[in-house]
Amino acid sequence: MSYLDNILFAILLVVGFGFFTASVKKIIRNINLGVDVDRKDNPKARWKNMALIALGQSKMVRRPVAGILHIFVYVGFIIINIELLEIIIDGLFGTHRVFAPYLGVVYDVLIASFEILAILVIIAVVTFWIRRNVIRLKRFINSDLNGFPKSDANYILYFETVLMILFLLMNASDLHLQNVPGGYSHFHKAGSYPISQFIAPIFNGTSNEAVGLMFEVFWWLHIAGILVFMNYLYFSKHLHILLAFPNTYFANLKPEGQFDNLASVTKEVKLMMDPNADPFAAAPADENAHPAKFGASDVQDLNWVQLLNAYTCTECGRCTSSCPANQTGKKLSPRKIMMDTRDRLTEVGKNIDANKGVFVPDNKTLLNDYITPEELWACTSCNACVEECPVNISPLSIIMDMRRYLVMEQSAAPMSLNAMMTNIENNGAPWQYSQQDRLNWKNEN
C-alpha cells in the first residue's frame, strides 16, 4: 500500500475507535446513574463465576444445540479477531502478514484455525437465522421482539456472515497471489489455508493486477466492517460480548431466594424490637436532605448492577420461555423487563446529552410508561428467569424493587395482597382468624 493508504487507514482507525470510546463512556455514565451497591466481596468466587459463565459458557450449553453453535460464534469472534492486530500493523506500516516470519509453523496453525472457525461461524449463523426466520421458535416471535429488536438480531447475523466471507475471500485472493510464478508485488508465502484453498481457484484466469485489486477491496471491507460492527454494538443487543464479563463478575452471590432488606426499615425494626434502644439517641436528621425512596419507579432508583444487567441482556428469551407466569398467558416477560429498562436508560442518557450533562425531568418513568403494574404482579418470584439467564442477569431484582415502590410509596398492592398484609398485622398470620384460634387445627381429626 502507498503512504496515502497508510494515512487513510490511520484516519479510519482513529475515527472508528474514537466513536467506540465515546460510546463506552456514555454506557459507563448511564450505568453509574444507578444507586451504589457493594459488589467487591468474595473476589475468588466472582472470578470463578466470570471464568465459568462468561468465558466457559457453562450456562449456554444447558440447551445443547444453541449452546454449541453459540460457542462456535463466540470462539470464532474472539480468536479470529486476534488477526485484527496483524491487520492493523500491516495497514499502518504497509507490511504483509508481518507476524509470519517470526511465528513460522505457529503462524500456519493459527491461520488454519482461523479459517476453520470462520466456516463454523458461518454454519452457526445460518442455523441461527433459520431458527429465527424459518422455524420461528416461540421465544423468538414474542411481541416484545417486534420492531427493531427482531431486525437487530438479523442485522447481527448478516454482519457476522459478511465479515467471515470477506475474511475467507481475502485469504483466498492472498493465497492466489502468493502462488504466482516468480512472485507478485509484496505477497510472500505465509500461512496455511484449509478452507480458502478451495475458494482460490475462482481467481484463475484473472489478471494478477485484478486479483491484487480484489484483495485490497476485501481487505479494506473486512477491516471497515469490523470497525462499523464494533460501533454498532452500542445500539445492539450484541453489547453482551463485552459486558458479559463484568456482569458475571458483579453478579449477586447470595442465595437466589434471599432478598435485600432496606437499611432504613431494618434500622427501625431493630429499634422497635430492642427494649433498651433509645430512639432519641441518634443524631437529628438533616432537614434539607431528600427522604429516601422505598423501591424504584425509574432507572435512577435501581442500583448500578441492575443497569449493567439491562445493557448486558442478550434478548435470547430463555428467561421468558422458562417463566411460569408467561407460560400461562400472563403479560409478564422477564426479557421485556430488561429491554424496557435498557430503553428507558438510553432515553435518560439522551436527555442528559441534550441538556449538557444534566437530567431534565421528562414526565416519564420506567414504571407505568414502560413497565405496567400488571406485569410486575404477575411474577411468582420463583427465580426461574435468574436461573436460566446465560449471563447471570436478574430480572426479578428489578421486579421486586418496583413492587416495593408500589406497596411502600403508593399503597398500590392488589386487594388480595393488602388483605393478607392486614391479616398479618392484626392476626399474626395471613388468614383471617383471630390469634386465639390459630391452633384449632390440631384438634381436628
Side-chain angles (χ1 to χ4, degrees), residues 45-82 113-114 116-142 144-145 149-150 152-161 163-164 229 233 236-249 251-252 256 308-309 311-324 326-327 333-335 338-339 382-396:
R46 296 190 178 280
W47 281 110
K48 181 181 178 181
N49 246 6
M50 187 172 71
L52 289 177
I53 299 171
L55 188 62
Q57 305 281 290
S58 60
K59 296 182 77 173
M60 278 298 302
V61 295
R62 290 179 180 177
R63 301 189 184 192
V65 174
I68 292 171
L69 291 173
H70 187 272
I71 288 175
F72 289 159
V73 176
Y74 166 73
V75 174
F77 186 86
I78 298 298
I79 294 181
I80 288 174
N81 281 317
I82 294 175
S113 302
F114 295 163
I116 292 170
L117 282 169
I119 200 68
L120 289 175
V121 168
I122 292 173
I123 292 170
V125 165
V126 169
T127 306
F128 285 146
W129 187 90
I130 292 172
R131 282 158 56 89
R132 283 182 175 272
N133 300 283
V134 179
I135 300 175
R136 292 170 61 83
L137 295 181
K138 185 178 179 181
R139 62 190 171 103
F140 295 136
I141 58 174
N142 284 13
D144 51 346
L145 287 183
K150 180 179 179 180
D152 176 42
N154 285 327
Y155 293 157
I156 292 166
L157 298 178
Y158 300 146
F159 253 122
E160 291 175 342
T161 303
L163 287 176
M164 294 302 103
F229 184 66
L233 294 181
S236 164
K237 78 184 188 74
H238 219 52
L239 192 60
H240 72 270
I241 65 174
L242 302 178
L243 296 185
F245 294 91
N247 196 78
T248 50
Y249 181 85
N252 187 16
E256 288 178 354
L308 174 62
N309 283 180
Y311 271 126
T312 309
C313 179
T314 70
E315 298 177 15
C316 65
R318 293 189 180 201
C319 54
T320 294
S321 67
S322 302
C323 174
N326 186 272
Q327 289 176 5
S333 166
R335 172 173 57 189
M338 302 314 302
M339 293 169 64
C382 67
N383 271 296
C385 57
V386 183
E387 179 64 27
E388 283 296 317
C389 180
V391 288
N392 276 22
I393 290 169
S394 177
L396 180 60

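Nothing fancy with the numbering, it's 1 onward along the sequence. Because only heavy atoms are used, hydrogens play no part in the values below, and waters and symmetry mates are left out as well, while side chains stay in.
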ask   = Shortest non-hydrogen contact from N247 to N392?
value = ND2-O, 3.7 Å
remark   = Taking every heavy atom of R46 against every heavy atom of A251, the minimum-distance pair comes out as NH1-O, 2.7 Å
key: Flag for N49-T248: side-chain donor and acceptor within less than 3.5 Å   = no
query = Given the rule in the side chain to side chain donor-acceptor pair (under 3.5 Å) test, do S236 and D152 qualify, once you have shown the distances and angles that lead to the verdict?
reply = CA-CA 7 Å; S236 164; D152 176 42; 3.1 Å; yes
ask   = How about L145 and E315: do any of their side-chain heavy atoms sit closer than 4.5 Å?
value = yes
Check: D144 side chain, R335 main-chain N or O, donor-acceptor pair, under 3.5 Å = no
query = Hey, what do you get for CG (L233) to CD1 (I156), rounding to the nearest 0.5 Å?
reply = 8.0 Å
inquiry  = Main chain of T320, side chain of S333: is a donor-acceptor contact present, judged purely on distance under 3.5 Å?
reply    = no
note = Tightest non-hydrogen contact, residues K237 and A153, listed as CE-CB, 3.9 Å
message = Testing the basics here: between A54 and A244, what is the closest heavy-atom pair and its distance to 0.1 Å?
response = CB-O, 3.7 Å
remark   = Sorted by chain and residue number, the ring pair (Phe, Tyr, Trp, His ring centres under 6.0 Å) partners of Y249 (sequence neighbours excluded) come out as W47
Show me the side-chain donor-acceptor pairs of residues 122-131 shorter than 3.5 Å, one per line, residues at least two apart or across chains.
unit_1: T127; atom_1: OG1; unit_2: I123; atom_2: O; d: 2.8
unit_1: W129; atom_1: NE1; unit_2: Y158; atom_2: OH; d: 3.1

query = With a 4.5 Å heavy-atom cut-off, do R62 and M60 have their side chains touching?
reply = no
task = Please tell me if the side chains of C316 and R63 come closer than 4.5 Å, counting only heavy atoms from C-beta onward.
result = no
message = Nearest 0.5 Å, please: how far is OG in S394 from CG in N383?
response = 6.5 Å
request  = Look at the aromatic rings of H70 and Y74 and report parallel, tilted or perpendicular, splitting at 30° and 60°.
outcome  = parallel
note = NZ (K59) and CG (L52) are apart, to the nearest 0.5 Å, by 11.5 Å
ask   = To the nearest 0.5 Å, how far apart are CZ in F245 and NE2 in H240?
value = 10.0 Å
Atom pair CG (L137) and OG (S321), whose distance is rounded to the nearest 0.5 Å = 10.0 Å
Residue list, ring pair (Phe, Tyr, Trp, His ring centres under 6.0 Å) with F159, at least two apart or on another chain = F229, Y232
inquiry  = Once rounded to the nearest 0.5 Å, what's the spacing between atom CZ of R139 and atom CZ of R132?
reply    = 8.0 Å
key: Distance-minimising heavy-atom pair for S322 and R318   = OG-O, 3.0 Å
query = Closest heavy-atom contact between M338 and P395?
reply = SD-CA, 3.6 Å
